[in-house]
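The structure under discussion appears below in the form of structure tokens.
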Amino acid sequence: VNFEIQQLLMIVLPVLLAVFLFRYLHMKESSDFIHSLPLKRKELYHINIWNGLVILVSPILITTLIIAIITVSYDLSGIYEWSDLWYWAGGTLSYTLLLFFSTVFVGMLTGMSAVQGVLTYIMLLFPAGITVLFYFVLDQFLYGFSTNYYMDSSIEMLSPLSDSLNLFNGSLPAIRFIIYTSIAVFFYGLAWVIYKHRKLEMAGQAIVYNGLRPLFKYGLTFCMMLVGGLYFQSQPAGWVIFGYVVGSLVGYTVAEM
């Protein structure tokens, strides 16, 4: 019931919560104050992580418990089964944890809260998005290539955000939930390792680590180049090349800014 509302909350709230919990890293005054307290970074990190988990997981567990009690008390087999309850709880929990820890991980790489939120969604959408762009490029230059065939072959599985649409259809296998939860645990550990070596004076910088700045700059340039060529896909080859050039210039300029 009202899955669209659930999906919106499931995609937005974990990201917002992670952004606000670790916002102190992105404000110089707050960062200096918090890290001057008699607490180690390990304690600061896990305090915020556990706060986030309590806020996110508690409503899911409480809802599951209430529905389980109702299921035991009344015969509602005509509406849903026990398997539906566990499917909903497992799917919602795995997606919530994945988005939360993905945002925490990205937050350790950037010094701006707005960039943290945007880069999180870009990172989660990137596998599906870059695949779609490559398909359209191949369709332009490779005779006989069928874009529609590959677009219909479960491309939404490449991104957790688009894959969440399948949660409503009841078509996601349990192994997918295990994979998403495992990725969330991986981001949890990786974010902690990065946090230990993070330079606090980098608050306010779009990218904290110098080695990642060329990757960000030229990665954005490359993606914008593909988008520019896609815009002119139905035009002659000259216009397609023009789209590639303009798209790359726009992407490079935005990245530099």
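Contact annotation: the side chain of Val57 never approaches that of Thr96 to less than 4.5 Å [non-hydrogen atoms, C-beta and beyond]. For the pair Trp88/Asp84, no side-chain contact is recorded, criterion being any heavy-atom separation below 4.5 Å from C-beta on.
Note that CG of Leu8 and CZ of Phe3 are 11.0 Å apart. Values are rounded to the nearest 0.5 Å. Atom CG of Leu161 is separated from atom OG of Ser102 by 9.0 Å, given to the nearest 0.5 angstrom. From Leu53, atom CG reaches atom CG of Asn48 across 11.0 Å, with rounding to the nearest 0.5 Å. In this structure, CZ in Phe105 is found 4.5 Å from CD1 in Ile194, a value given to the nearest 0.5 Å. The CD1 atom of Ile179 lies 11.5 Å from the CG atom of Leu98; values are rounded to the nearest 0.5 Å. To the nearest 0.5 Å, the span separating CE on Met27 from CG on Asp32 amounts to 11.5 Å.
Under a cut-off of 6.0 angstrom, the local environment of CZ in Phe33 is sparse, with at most 12 non-hydrogen atoms contributed by other residues, nucleotides or ligands. Summarising the local packing, CZ of Phe126 is surrounded by 12 or fewer heavy atoms from other residues, nucleotides or ligands at distances under 6.0 Å. Heavy atoms of other residues, nucleotides or ligands lying less than 6.0 angstrom from NZ of Lys196 number more than 12. Residue Arg23 qualifies as open at atom CZ: its count of foreign heavy atoms under 6.0 Å is 12 or below.
Closest approach of Ile11 to Ser164, counting heavy atoms only: CD1-OG, 4.0 Å. When all heavy atoms of Met108 and Tyr195 are compared, the pair lying nearest together is SD-CB, 3.8 Å. Of all heavy-atom pairs between Pro160 and Tyr95, the closest is O-CE2, 3.2 Å. Here the closest heavy-atom approach between residue Arg198 and residue Gly107 is recorded as NH1-O, 3.3 Å. Across Thr221 and Gly251, no two heavy atoms sit closer than the pair OG1-C, 3.8 Å. Considering every non-hydrogen atom in both Lys217 and Tyr252, the closest pair reads CD-CE1, 3.5 Å.
Below 30°, between 30° and 60°, or above 60°: for Trp86 and Trp82 the angle between ring planes is below 30°, a parallel geometry. In this pair, Tyr188 and Phe101 present their aromatic rings perpendicular. The plane angle is above 60°, beyond the 30 to 60° band. In this pair, Tyr24 and His35 present their aromatic rings tilted. The plane angle is within the 30 to 60° band. Ring geometry for Phe22 against Tyr45 counts as tilted: the plane angle lies between 30° and 60°, on a 0 to 90° scale.
Under the 4.5 Å side-chain heavy-atom criterion for ILVMFWY residues, a single connected hydrophobic cluster contains both Val118 and Tyr121. Residues Val193 and Leu44 do not share a hydrophobic cluster, clusters being chains of Ile/Leu/Val/Met/Phe/Trp/Tyr side chains in contact below 4.5 Å. Under the 4.5 Å side-chain heavy-atom criterion for grouping Ile, Leu, Val, Met, Phe, Trp and Tyr, Leu93 is not connected to Leu9 through any hydrophobic cluster. Residues Leu97 and Ile47 are members of separate hydrophobic clusters, defined by side-chain heavy-atom contacts under 4.5 angstrom among Ile, Leu, Val, Met, Phe, Trp and Tyr. Note on Trp50 and Leu56: same hydrophobic cluster, where clusters join Ile, Leu, Val, Met, Phe, Trp and Tyr whose side-chain heavy atoms are under 4.5 Å apart, directly or indirectly.
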Report task. Start with the C-alpha gap between Phe242 and Val246, add the side-chain angles, then the distance that decides, and say whether side chain to side chain contact (heavy atoms under 4.5 Å, CB included) holds. Result -> CA-CA 6 Å; Phe242 172 78; Val246 172; 3.5 Å; yes
Query raised in the report: Where do Thr110 and Gln116 land on the side-chain hydrogen bond (donor to acceptor under 3.5 Å, both in side chains) test, with the steps shown first?
Result: CA-CA 6 Å; Thr110 181; Gln116 178 185 2; over 6 Å; no
Query raised in the report: Between Val12 and Leu99, is a side chain to side chain contact (heavy atoms under 4.5 Å, CB included) present by the stated rule, with each step listed?
Result: CA-CA 9 Å; Val12 173; Leu99 277 131; over 6 Å; no
Query - Worked check of side chain to side chain contact (heavy atoms under 4.5 Å, CB included) between Met224 and Val254 - result: CA-CA 10 Å; Met224 289 297 295; Val254 172; over 6 Å; no
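Of the listed residues (Thr120, Val15, Ile49, Leu13), just one forms a side-chain contact (heavy atoms from CB on, under 4.5 Å) with Phe100, and that residue is Ile49. Exactly one residue among Ile67, Thr71, Leu65 makes a side-chain contact (heavy atoms from CB on, under 4.5 Å) with Ile69. That residue is Leu65.
No donor-acceptor pair closer than 3.5 Å links the side chain of Ser58 to the backbone N or O of Ile55. Formation of a donor-acceptor pair under 3.5 Å by the Glu256 side chain with backbone atoms of Thr253 is not found in this model.
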